[in-house]
Engineer: 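Here you go, one structure.
Hydrogens, waters and symmetry mates play no part in the numbers below; they use all other heavy atoms, side chains included. In this text the structure is predicted, and so the values were computed from the model without any measurement.
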Amino acid sequence: MMLMMNYAGTGAGNTATEKVQKNPNYLMANERMNLMNMAKLSIKGLIESALNLGRTLDSDYAPLQQFFVVMEHCLKHGLKAKKTFLGQNKSFWGPLELVEKLVPEAAEITASVKDLPGLRTPVGRGRAWLRLALMQKKLSEYMKALINRKDLLSEFYEPNALMMEEEGAIISGLLVGLNVIDANFCMKGEDLDSQVGVIDFSMYLKEGPIAKSSEEDVEKELEVQIGMKQEMEMAMKMLDRDVCEKQEALVALRQQLDDLRALKHELSFKLQSSDLALKQKNELNSRLEEKTNQMAATIKQLEHR
């Protein structure tokens with residue numbers, strides 16, 4: 001179940017507006033925006049209520065249940081249908097299985113999900129994975145790692161799905177706030193396969209100026225998140241540039257080191273050659289001195305005769 005915004009105009013503009021609203025890209029963009037707003041409200045409400053509660057949360061906590069429902073809707077948005085022998089199937093378990101290839105720490109919860117008794121469907125395994133990731137306080141990290149690999153996600157999602165667009169990145173950033181929450185789930189007796197994930201809008205919809213204030217808060221929060229993302233991208237670019245410069249300096253230093261080693265080898269060779277020449281010169285001087293002494297003795301003998 002999703003909220004659909006209606007921007008219908010009046011008069012002659014109605015036909016054009018209706019055509020726009022029937023455009024699949026418009027509908028998908030509208031769904032993404034609604035899901036992102038729901039995720040924002042769900043995460044914010046969960047954090048506030050959990051901090052006020054002041055205890056470890058379990059699976060019976062209503063705001064936590066709604067959070068998982070919203071996350072499930074976000075992960076299902078724009079999923080490609082996979083053909084099986086039972087027909088077509090859409091499951092968000094496939095993308096979640098990829099996380100362990102991107103973040104080795106996720107292999108532990110993936111293995112735990114596969115070992116859980118009673119889970120018979122991919123949907124049940126996906127729900128269990130989300131709960132374990134939240135307990136591990138790594139849900140945001142895992143989602144960011146997944147969203148950064150659009151090349152892998154394209155196998156499971158349509159190009160305009162939430163996980164493939166900016167809204168997915170914003171939601172993964174908002175999930176960082178859940179790291180302050182302590183949760184503990186006992187899933188062995190919980191039927192995650194047959195649960196019906198329906199969003200309870202009564203938990204979020206408010207009347208009068210309060211609702212307007214919530215919308216404004218969402219818009220402000222989105223602007224902050226977009227600004228933070230832009231700052232992070234700029235910082236990453238500067239870091240990449242700094243790394244490139246340091247790599248170039250390292251290459252230059254290595255070249256200088258190689259040149260010094262070559263020079264040292266050449267000097268060593270010349271020194272060895274010089275030592276050899278000096279040794280030969282000394283031997284020649286010794287022989288000449290010996291011959292001189294022999295000739296002097298011979299001359300003395302001749303003079304005596």
Side-chain angles (χ1 to χ4, degrees), residues 34-77 92-93 95-96 99-100 102-113 116 119 123-148 162-163 167-192 195 197-206 214 217-218 220-222 224-225 228-229 232:
N34 290 330
L35 283 171
M36 182 181 65
N37 289 337
M38 290 303 302
K40 163 67 173 61
L41 292 172
S42 175
I43 293 168
K44 182 180 179 182
L46 177 58
I47 293 172
E48 290 177 352
S49 61
L51 293 177
N52 291 332
L53 191 64
R55 65 172 175 83
T56 301
L57 306 182
D58 54 32
S59 56
D60 294 330
Y61 191 56
L64 191 56
Q65 293 175 351
Q66 278 300 297
F67 164 74
F68 286 126
V69 172
V70 173
M71 281 300 300
E72 186 174 329
H73 277 272
C74 291
L75 288 166
K76 283 181 177 179
H77 185 260
F92 59 93
W93 170 238
L96 296 183
V99 178
E100 64 176 343
L102 308 175
V103 186
E105 294 176 42
E108 180 183 346
I109 63 172
T110 303
S112 298
V113 167
L116 276 174
L119 288 179
V123 172
R125 287 190 283 272
R127 289 168 175 168
W129 190 96
L130 287 174
R131 284 156 174 76
L132 290 175
L134 183 66
M135 286 174 59
Q136 203 181 40
K137 298 189 178 184
K138 295 282 187 179
L139 185 56
S140 175
E141 179 183 344
Y142 295 159
M143 288 295 102
K144 284 180 181 178
L146 196 58
I147 285 172
N148 288 337
L162 182 141
M163 292 291 285
E167 290 84 355
I170 293 173
I171 291 174
S172 69
L174 294 173
L175 291 172
V176 176
L178 296 179
N179 292 345
V180 302
I181 292 177
D182 294 319
N184 188 24
F185 305 105
C186 181
M187 288 173 286
K188 289 185 178 180
E190 192 172 355
D191 185 9
L192 297 175
Q195 286 182 0
V198 179
I199 298 176
D200 183 6
F201 293 103
S202 64
M203 296 183 66
Y204 312 107
L205 296 179
K206 299 179 182 179
S214 297
D217 289 343
V218 170
K220 289 179 181 178
E221 183 67 24
L222 292 179
V224 171
Q225 291 291 333
M228 289 175 61
K229 186 174 185 296
M232 288 176 63

Engineer: Side chains of V99 and T110: closer than 4.5 Å at any heavy-atom pair?
Structural biologist: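 The answer is no; the side chains never approach within 4.5 Å.
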
Engineer: Of all heavy-atom pairs between P95 and L146, which one has the smallest distance, and what is that distance?
Structural biologist: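 Smallest heavy-atom distance, with atoms named: O-CD1, 3.5 Å.
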
Engineer: Within the structure provided, determine whether V69 and H73 are in side-chain contact (heavy-atom separation under 4.5 Å).
Structural biologist: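 Yes, their side chains come closer than 4.5 Å.
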
Engineer: For residues 167-179, run the donor-acceptor check on the side chains, cut-off 3.5 Å, and write out each pair with its distance to 0.1 Å, sequence neighbours left out.
Structural biologist:
residue: E167; atom: OE1; partner: R32; partner atom: NE; Å: 3.1
residue: S172; atom: OG; partner: A169; partner atom: O; Å: 2.7
residue: N179; atom: ND2; partner: V176; partner atom: O; Å: 3.4

Engineer: Quick one: list whatever passes side chain to side chain contact (heavy atoms under 4.5 Å, CB included) with N184, sequence neighbours left out.
Structural biologist: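 If we apply the side chain to side chain contact (heavy atoms under 4.5 Å, CB included) test to N184, skipping adjacent residues, the hits are T56, M135.
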
Engineer: Apply side chain to side chain contact (heavy atoms under 4.5 Å, CB included) to residues L64 and F185 and explain how you reach the verdict.
Structural biologist: CA-CA 11 Å; L64 191 56; F185 305 105; 3.3 Å; yes

Engineer: For the atom pair CD1 (I109) and CG (L134), what is the distance rounded to the nearest 0.5 Å?
Structural biologist: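 Nearest 0.5 Å value for the CD1-CG distance: 10.5 Å.
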
Engineer: Using a 3.5 Å distance criterion without hydrogens, assess whether the side chain of E100 forms a donor-acceptor pair with backbone atoms of E108.
Structural biologist: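 Here the side-chain-to-backbone pair does not exist.
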
Engineer: What is the distance from atom OH of Y142 to atom CH2 of W129, rounded to the nearest 0.5 Å?
Structural biologist: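 CH2 of W129 is found 7.0 Å from OH of Y142.
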
Engineer: Nearest 0.5 angstrom please: Q66 CD to L41 CG, how far?
Structural biologist: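 Between Q66 CD and L41 CG, I get 12.0 Å after rounding to 0.5 Å.
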
Engineer: Can you confirm whether F92 sits close enough to L130 that some side-chain heavy atom of one is under 4.5 Å from a side-chain heavy atom of the other?
Structural biologist: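 Counting from C-beta outward, F92 and L130 do come under 4.5 Å.
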
Engineer: Can you name the residues that form a side-chain hydrogen bond (donor to acceptor under 3.5 Å, both in side chains) with S112, not counting sequence neighbours?
Structural biologist: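 S112 satisfies side-chain hydrogen bond (donor to acceptor under 3.5 Å, both in side chains) with no other residue.
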
Engineer: Quick one: side-chain hydrogen bond (donor to acceptor under 3.5 Å, both in side chains) partners of K76, sequence neighbours excluded?
Structural biologist: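 So K76 forms a side-chain hydrogen bond (donor to acceptor under 3.5 Å, both in side chains) with E72.
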
Engineer: To the nearest 0.5 Å, how far apart are CZ in F67 and CZ in R131?
Structural biologist: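 The CZ atom of R131 is 10.0 Å from CZ of F67, to the nearest 0.5 Å.
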
Engineer: Among residues at least two apart in sequence or on other chains, which ones pass side-chain hydrogen bond (donor to acceptor under 3.5 Å, both in side chains) with E48?
Structural biologist: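 So E48 forms no side-chain hydrogen bond (donor to acceptor under 3.5 Å, both in side chains) with any residue.
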
Engineer: What pair of heavy atoms forms the shortest contact from A50 to L57, and how long is it?
Structural biologist: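 That would be CB-CD1, 3.7 Å.
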
Engineer: Is any side-chain heavy atom of M143 closer than 4.5 Å to one of L139?
Structural biologist: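 The answer is yes; the side chains approach within 4.5 Å.
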
Engineer: Using the side-chain hydrogen bond (donor to acceptor under 3.5 Å, both in side chains) criterion, which residues pair with D182? Sequence neighbours excluded.
Structural biologist: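 K137.
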
Engineer: How many angstroms lie between NZ in K40 and CG in L35, if you round to the nearest 0.5 Å?
Structural biologist: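 One gets 15.5 Å once the value is rounded to the nearest 0.5 Å.
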
Engineer: Measure the spacing between CG of L46 and CG of L51 and express it to the nearest 0.5 Å.
Structural biologist: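 Result: 9.0 Å between the selected atoms.
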
Engineer: Which pair of non-hydrogen atoms, one from I147 and one from M163, has the smallest distance, and what is that distance?
Structural biologist: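 Taking I147 first and M163 second, the nearest heavy atoms are CG1-CE, 3.9 Å.
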
Engineer: Would a 4.5 Å heavy-atom cut-off, applied to side chains only, mark L53 and S49 as touching?
Structural biologist: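 Sidechains of S49 and L53: no contact.
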
